[in-house]
Amino acid sequence: QVQLVESGGGLVQAGGSLRLSCAPSRRTFSYPTMGWFRQAPGKEREFVAAISSTGGNTRYADSVKGRFAISRDNAENTVYLQMNSLKPEDTAVYYCAARFLGISTYSRDYNTWGQGTQVTVSS
């Protein structure tokens with residue numbers, strides 16, 4: 001029974017960058033598919049990016065392609081979301097999630113979630 005913990009959120013001006021991290025609360029030797037989702041006030045939770053267990057495959061929402069990059073370091077038990085060229089519409093709580101099957105863009109397919117980290121992009 002492992003919890004996910006996100007970090008790295010904060011305040012940034014439009015055009016700036018942030019790097020989010022997600023790690024389990026305790027070291028694990030299982031490496032599931034990992035996804036990032038976000039939820040803005042009054043909006044549905046939406047898919048951002050996902051990465052396969054070995055990092056060999058990634059997928060991005062159209063809204064973040066070319067700006068965000070997901071990566072993982074299994075030796076460190078950490079998944080990252082590098083966010084560049086941030087826009088005000090990227091403002092949301094960002095959640096890390098895990099599942100034991102392949103990449104999915106649906107939040108309902110993920111089994112384990114972090115508590116979220118706030119990203120706020122100002123004009």
Side-chain angles (χ1 to χ4, degrees):
Q1 297 180 2
V2 177
Q3 309 295 320
L4 297 178
V5 181
E6 303 98 332
S7 62
L11 299 168
V12 65
Q13 284 191 290
S17 298
L18 285 173
R19 189 192 196 197
L20 306 184
S21 299
C22 174
S25 57
R26 184 175 291 273
R27 182 80 169 98
T28 178
F29 295 94
S30 62
Y31 304 107
T33 296
M34 301 295 296
W36 286 97
F37 294 78
R38 66 188 183 187
Q39 188 166 24
K43 298 182 67 177
E44 298 291 323
R45 186 168 298 187
E46 66 176 343
F47 171 76
V48 176
I51 188 166
S52 60
S53 61
T54 63
N57 293 103
T58 59
R59 186 168 181 177
Y60 299 91
D62 289 342
S63 60
V64 306
K65 282 182 179 177
R67 299 190 298 121
F68 291 10
I70 188 170
S71 62
R72 69 191 300 159
D73 184 342
N74 286 343
E76 296 296 326
N77 247 4
T78 304
V79 63
Y80 305 96
L81 185 68
Q82 178 67 46
M83 305 186 294
N84 300 322
S85 301
L86 283 162
K87 305 174 181 179
E89 51 263 45
D90 295 319
T91 295
V93 176
Y94 283 70
Y95 297 91
C96 177
R99 73 189 302 255
F100 292 102
L101 296 174
I103 286 176
S104 172
T105 63
Y106 298 102
S107 60
R108 65 178 178 268
D109 289 335
Y110 290 78
N111 311 108
T112 304
W113 293 80
Q115 82 291 341
T117 186
Q118 177 70 47
V119 172
T120 302
V121 184
S122 66
S123 300

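Every heavy atom of this structure was used, including side-chain atoms; hydrogens, water molecules and symmetry mates were not.
One distance of note links CZ of Arg45 with CZ of Arg38; it measures 13.0 Å at 0.5 Å rounding. To the nearest 0.5 Å, atom CG of residue Leu101 and atom CG of residue Asp109 are 8.0 Å apart. From Asp90, atom CG reaches atom OG of Ser63 across 7.0 Å, with rounding to the nearest 0.5 Å.
Taking both residues in full, the closest heavy atoms of Ser85 and Ser17 are given as N-OG, 4.3 Å, listed atom of the first, atom of the second, then distance. Scanning all heavy atoms of the two residues, the minimum distance from Ala92 to Ala40 falls at CB-N, 3.8 Å. The two residues Ser21 and Trp36 make their nearest non-hydrogen contact at O-CH2, 3.7 Å. Contact between Ala23 and Thr78 at its shortest, heavy atoms only, is CB-OG1, 4.0 Å. For Leu18 against Gly8, the heavy-atom pair with the smallest separation is CD2-O, 3.9 Å.
Annotation: side chain of Arg67 is in contact with side chain of Lys87 (closest heavy-atom distance under 4.5 Å). Between Cys96 and Val79, some side-chain heavy-atom pair lies under the 4.5 Å cut-off. At a threshold of 4.5 Å between non-hydrogen side-chain atoms, the residues Phe68 and Val48 count as touching. Put simply, the side chain of Thr117 does not reach to within 4.5 Å of the side chain of Tyr95, judged on heavy atoms.
Tyr31 and Ile51 fall into different hydrophobic clusters, where Ile, Leu, Val, Met, Phe, Trp and Tyr side chains are chained together by heavy-atom contacts under 4.5 Å.
When each of Val12, Val121, Leu20 is tested with Met83 by the rule side chain to side chain contact (heavy atoms under 4.5 Å, CB included), just one qualifies, namely Leu20.
Between Phe37 and Phe47, the distance separating the two ring centers is shorter than 6.0 angstrom.
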Chi angles and distances behind the side chain to side chain contact (heavy atoms under 4.5 Å, CB included) call for Tyr80, Ile70: CA-CA 6 Å; Tyr80 305 96; Ile70 188 170; over 6 Å; no

Met34 and Arg99: CA distance, side-chain angles, deciding distance, side chain to side chain contact (heavy atoms under 4.5 Å, CB included) verdict: CA-CA 7 Å; Met34 301 295 296; Arg99 73 189 302 255; over 6 Å; no

Stepwise side chain to side chain contact (heavy atoms under 4.5 Å, CB included) check, Asn57 with Ile103: CA-CA 8 Å; Asn57 293 103; Ile103 286 176; 4.1 Å; yes

Residue pair Lys65, Asp62: steps toward the salt bridge (charged side-chain N to carboxylate O under 4.0 Å, His left out) verdict: CA-CA 5 Å; Lys65 282 182 179 177; Asp62 289 342; 3.3 Å; yes

Trace of the side chain to side chain contact (heavy atoms under 4.5 Å, CB included) decision for Phe100 with Thr33: CA-CA 6 Å; Phe100 292 102; Thr33 296; over 6 Å; no

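A donor-acceptor contact closer than 3.5 angstrom links the side chains of Gln82 and Asn84. With 3.5 Å as the limit, one finds a donor-acceptor pair spanning the side chains of Arg72 and Asn74. Of the N and O atoms on the side chains of Gln115 and Glu6, at least one donor lies less than 3.5 Å from an acceptor on the other residue. Side-chain contact, Gln118 with Thr120: a donor N or O sits under 3.5 Å from an acceptor N or O.
The number of heavy-atom neighbours closer than 6.0 Å to CZ of Arg27, taken from other residues, nucleotides and ligands shown, is above 12. Under a cut-off of 6.0 angstrom, the local environment of CD in Glu89 is crowded, with over 12 non-hydrogen atoms contributed by other residues, nucleotides or ligands.
Without hydrogens or angle criteria, Tyr110 side chain to Ser104 main chain gives a donor-acceptor distance under 3.5 Å. Of the possible donor and acceptor atoms, none in the side chain of Ser30 sits under 3.5 Å from a partner among the backbone N and O of Thr28.
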